[in-house]
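Report on the following structure.
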Amino acid sequence: MVEPSLAVDGGFGFLTDLIGIQMRNMEAVRQAQQKMLEGIGVLAKRQTEIIEGTLRRSVSEPSPATPPDIRAVVSHQIESLKTTILENQTNSNILSEMAARSSAEVANILQSRMMAALDEFKAALDHAIP
Amino acid sequence: MTIRRHTAAVLLLAAAWFGGGASAADPLGRFPVDPAEVSVSGISSGAFMANQLHIAHSAGIVGAGMIAGGLYGCAVDSVSENGVLALASLAIGPCMSVPTLLRPVDHYAQLTADLAAKGWIDPPGDLARSRVYLFTGQADKIVSPKTVELGASLYRALGVPVAHVKLRDRDLPGAGAGHSWVTKNFGNACDANAKPFINDCRYDQAEDLLQTIYGPLQPPAAPPAGHIVAFDQTEFAPGKAAAANGLLDTGNLYVPKACEPGAARHCRLHVVLHGCLQSAEVLRDEFYTKIGVNEWADTNRIVVLYPQAHATTVAELSSQDASSLFNTNPEGCWNWWGYAGDKQFLTKQGVQVGAIWSMVQRVTGQGN
């Protein structure tokens, strides 16, 4: 037979523990959301820089001063195309890495909180059920 | 009982000898080296690290040589309160193979000024007395010559007199040098871009580099009469966690006879940093005995420090999480894009920069 006052105290204590766990869970979700937003902001900024850089380079491309030689023109266009392909691939890699790093940070926050919450729940149960 | 104890002792000794964990090498010693005569050089990732070490500790380094690499901060995306965010994709992209995406030299000069303002690196003004050698091969398919050219421009922008910056990039045989430390008579064909990244171009890079930094030198010894010392690198890593921070347990030092402890005259110290896939883990003693530096060191009273990097795996990192893959170093490169979670990799607080500088201070008798 459990003494009623102890049962009530234990019940309130358990409830308090659960509320504490839930508050910390919500804080972790808030941090994760903040990281996600920061990641989106950084990605957007990077994309803007990429577009600006592409525009700047295309504007600063020197025009030929002498009458064009067809071979030189084709050769130049092929080199420009190769450069553009490499630049696009590199920009894609940069954006992918930034997105992956941001996702990893979010995953780390949520996973470590989930592990802690499980430990805290176990401790709260141990405390509530002697 | 005695036999069993004896067997256990033998097994422990064998484990210490063959096991990769503990270093069997002796601690790095002190040598009669003038602290005002310290210089550094490196190839590829070693060039980027040599450049980082030079710019971070410009008050204590008189010159630097960068071969096929070295543009300060080119992998950095942004600076925050606790360090920098660098990206591997910036390192392998703009810094190495897509130089059209590099920023103007003013951007890197401003980054240097910002890091100096935070006290993370020495004031760039200290660079003014430096002598700098840069080399890029015209057949280099791994690090674009434009990156090295921009590295030279950055030094000039930071105040190194034009006459003190030597950029060597042409007049080698055939198509020019591939991605390599170039020698007079050892290694792959001159235009190769393959292991061991040491190429025979009939050009003595060690001579040119060392004479750029130290001025005219005595002719080299053949063969060198000094000796190679292996030393324990783990004491220079935080918590002795060398592997987790991309450092091999053991480094190497070349000591000319004239620079043994107790020598009457002071010697100089030159730090040489290998590139990716060139550490002693991969090339054994090939890099630190075949690149031609020891021959010049022997006759010119130069102690040569060869720190060694380590190929760090996920399992070796201090903690494993969703970010672990970004923190590995599969090819045993020096840290110039912030692996192992090092947000200060290009400053005095950087783990590897700090470790190498501590080695320098030990050799020169400035540290403990």
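Values below: all heavy atoms of this structure, side chains included; hydrogens, waters and symmetry mates excluded. Chain A is the first sequence line, chain B the second, and so forth, proteins listed ahead of strands; every chain is numbered from 1. Only a predicted model underlies this, so the values are computations on that prediction, with no experimental measurement involved.
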* To do: Could you grab the distance from atom CD of B:Gln52 to atom OG of B:Ser45, nearest 0.5 Å is fine?
  => 9.5 Å

For the side chain of [X] and the backbone of [Y], is there at least one donor-acceptor N/O pair under 3.5 Å apart?
X        : Y        : result
B:Gln278 : B:Gly275 : yes
B:Asn329 : B:Thr313 : no
A:Glu79  : A:His76  : no
B:Asn199 : B:Cys201 : no

Using a 4.5 angstrom heavy-atom cutoff, name the option from [options] with the most pairs to chain B.
options                              : value
A:Ser112, A:Ala104, A:Ser103         : A:Ala104
A:Val106, A:Asn108, A:Thr90          : A:Asn108
A:Asn93, A:Leu86, A:Ile94, A:Thr83   : A:Ile94
A:Arg46, A:Glu105, A:Gln111, A:Gln89 : A:Arg46

* Go through B:Ile92, B:Leu101, B:Val98, B:Leu85 and name the one with the most non-hydrogen pairs under 4.5 angstrom from chain A. => B:Leu101

* Could you look at A:Glu49 and say if it's the side chain, the backbone, both or neither that has a heavy atom under 4.5 Å from chain B? => side chain

